[in-house]
Number of protein chains: 2
Amino acid sequence: MPYRLNHSRQRNLILAILAERDHASARDLHGVLAEQGHRVSLGTVYRNMRLFCKMGLAEARYFGDQVQYDYTASKGRHDHLICTLCGQIVEFDDPEIGRLRRAVAETHGFSLLKEKLDLYGLCAVCRERKGPRPVRQGVLRPAALT
Amino acid sequence: MPYRLNHSRQRNLILAILAERDHASARDLHGVLAEQGHRVSLGTVYRNMRLFCKMGLAEARYFGDQVQYDYTASKGRHDHLICTLCGQIVEFDDPEIGRLRRAVAETHGFSLLKEKLDLYGLCAVCRERKGPRPVRQGVLRPAALT
DNA sequence: CTACTTGCAAAACGTTTGCATGATT
DNA sequence: AATCATGCAAACGTTTTGCAAGTAG
């Protein structure tokens, strides 16, 4: 069942925003589109993101309790450092950690398919202020970290 | 606001199962309770799990796309190796990985609050069989890994 | 007696889906 | 013309919540 992926106004818009923002939930995308005056239904956002993931353009990840799509088209594998206050996400890749992970998997007889390392904490800015300076809220439900 | 945590039939039952099973979703817990002939409402399970998490007895984690509670009362911090076919979960702790993680966080000016490393793959048994031998299904939605 | 718990059913939330319509090739 | 994409609203599964009744301390 060969599948032909067409172009479409909404599809291009979504990709453009994704490329800029790097990480975004379906709601985020839908919101940005709305702000820009583009009407794209939420369902379409979800459908397209699922397609993009299937094609390797993006990856779905659970940050806290909501799915965020990570635009991977131009990036290699990497992990995340997430500020629990402002929601900032920093990507990093430590080859040494990667090696150790593979070793652990092997030790336990697993063949690795996917790895996910998320570090949660306070970024320098938020810690400095000692108070919340939420840039983007709702990243984590209370239950997720408490 | 000091909070007094009481004993209750349902609360003890949930804890007992959790201690045995180590990892379980709210639904799992509710199901096991039902099998044992104990009527505990799903809402109560959720409410209690939230409390347990808040008290450090358990931890909520997203395995694939569903929340599983990890009973941590008697365990130190650890990571997970998850078989995407049978759902088996192996816990491990590699101090070296832990050290490197802390180093990465520091490099980026983050103060670490919580770390989460999940490795997904095929366990030895499932790989051997080269076919699914699902012990517990529905662990991952197609979208989660594809 | 007061504070904490429960069951129940309703509501909220994020995500998926069916279907008729519209766009792309 | 055939296939693919969209909007909309309904459907779904999971988690939360309001409330009245019950239980522990």
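Just so it is clear: chains get the letters A, B, ... in the order the sequence lines come, proteins before strands, and each one is counted from 1. Since the structure is predicted, the reported quantities are computational estimates derived from the model, not experimental observations. Side-chain atoms are counted along with the backbone in the values below, which use heavy atoms only and exclude waters and symmetry mates.
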* Can you tell me the distance, in whole Å, between the CG atom of A:L5 and the C1' atom of D:dT6? => 14 Å
* To do: Whole angstrom is fine here: how far is it from CZ in A:R27 over to P in C:dC13?
  => 9 Å
* **Side chains of B:F110 and A:C83 in contact at under 4.5 Å (non-hydrogen atoms)** => yes
* Asked: Quick one: is B:R11 getting a side-chain N or O under 4.0 Å of the C:dT6 phosphate, OP1 or OP2?
  -> yes
* To do: Output yes when a side-chain donor or acceptor of A:T72 lies under 3.5 Å from a complementary backbone atom of A:L57, and no otherwise.
  => yes
* Separation of atom CE in A:M49 from atom P in C:dG14, rounded to whole Å -> 17 Å
Using a 3.5 Å cut-off and no angle test, enumerate the donor-acceptor pairs between side-chain atoms of residues 32-46 of chain A and protein atoms at least two apart in sequence or in another chain.
| residue | atom | partner | partner atom | Å |
| --- | --- | --- | --- | --- |
| A:S41 | OG | A:T44 | N | 3.2 |
| A:S41 | OG | A:T44 | OG1 | 3.0 |

* Should the pair A:H80 and A:H23 be assigned to parallel (<30°), tilted (30 to 60°) or perpendicular (>60°) ring geometry? -> perpendicular
* For A:L15 and D:dA5, what is the distance between atoms CG and P respectively, to the nearest whole Å? -> 13 Å
* Are A:Y62 and A:F52 joined in one hydrophobic group, where the rule is that I, L, V, M, F, W and Y side chains link up if heavy atoms are under 4.5 Å apart? -> yes
* Asked: Is any side-chain nitrogen or oxygen of B:Y62 closer than 4.0 Å to OP1 or OP2 of D:dT14?
  -> no
* In one Ile/Leu/Val/Met/Phe/Trp/Tyr side-chain cluster, 4.5 Å: A:L85, B:L112 -> no
* **Bend angle of the helix from C:dC1-D:dG25 to C:dT25-D:dA1, end axes from five pairs each (to 10°)** => 30°
* Look at the side-chain N and O atoms of A:R50 and state whether any lies under 4.0 Å from the OP1 or OP2 oxygen of C:dG14. => no
* Specify the separation, in whole Å, of atom CG of B:L51 and atom P of D:dT17. => 13 Å
* For atom CZ of A:R27, is the number of surrounding heavy atoms from other residues, nucleotides or ligands below 6.0 Å larger than 12? -> no
* **Whole-Å distance separating the NZ atom of A:K54 from the P atom of D:dC4** => 13 Å
* Structure fact -> Within residues 39-48 of chain B, those residues having any heavy atom closer than 4.0 Å to DNA chain C are B:R39, B:V40, B:S41, B:T44, B:R47, B:N48
* Asked: Among all residues two or more places apart in sequence or in another chain, which pass the side chain to side chain donor-acceptor pair (under 3.5 Å) test with A:D94?
  -> none
* Distance, rounded to the nearest Å, where A:D28 contributes CG and C:dG14 contributes P -> 11 Å
Under 3.5 Å, which N/O atoms of the protein pair with N/O atoms of nucleotides 21-25 of chain D?
none

* Asked: With A:R101, which residues qualify under side chain to side chain donor-acceptor pair (under 3.5 Å), at least two apart?
  -> A:D79, A:E115
* Asked: Is it the case that one hydrophobic cluster holds both B:I89 and B:I97, taking links as side-chain heavy atoms less than 4.5 Å apart, direct or via other members?
  -> no
* **Step-by-step salt bridge (charged side-chain N to carboxylate O under 4.0 Å, His left out) determination, B:D118 to A:K114** => CA-CA 8 Å; B:D118 295 336; A:K114 194 176 188 74; over 6 Å; no
* Structure fact -> Separation of C:dT6 atom C1' from B:I14 atom CD1, nearest Å, is 11 Å
* Asked: Is any side-chain N or O of B:Q10 closer than 4.0 Å to OP1 or OP2 of C:dG7?
  -> yes
* Asked: Honestly curious: do A:V90 and B:L117 fall in one hydrophobic cluster under the side-chain, below-4.5 Å linking rule?
  -> yes
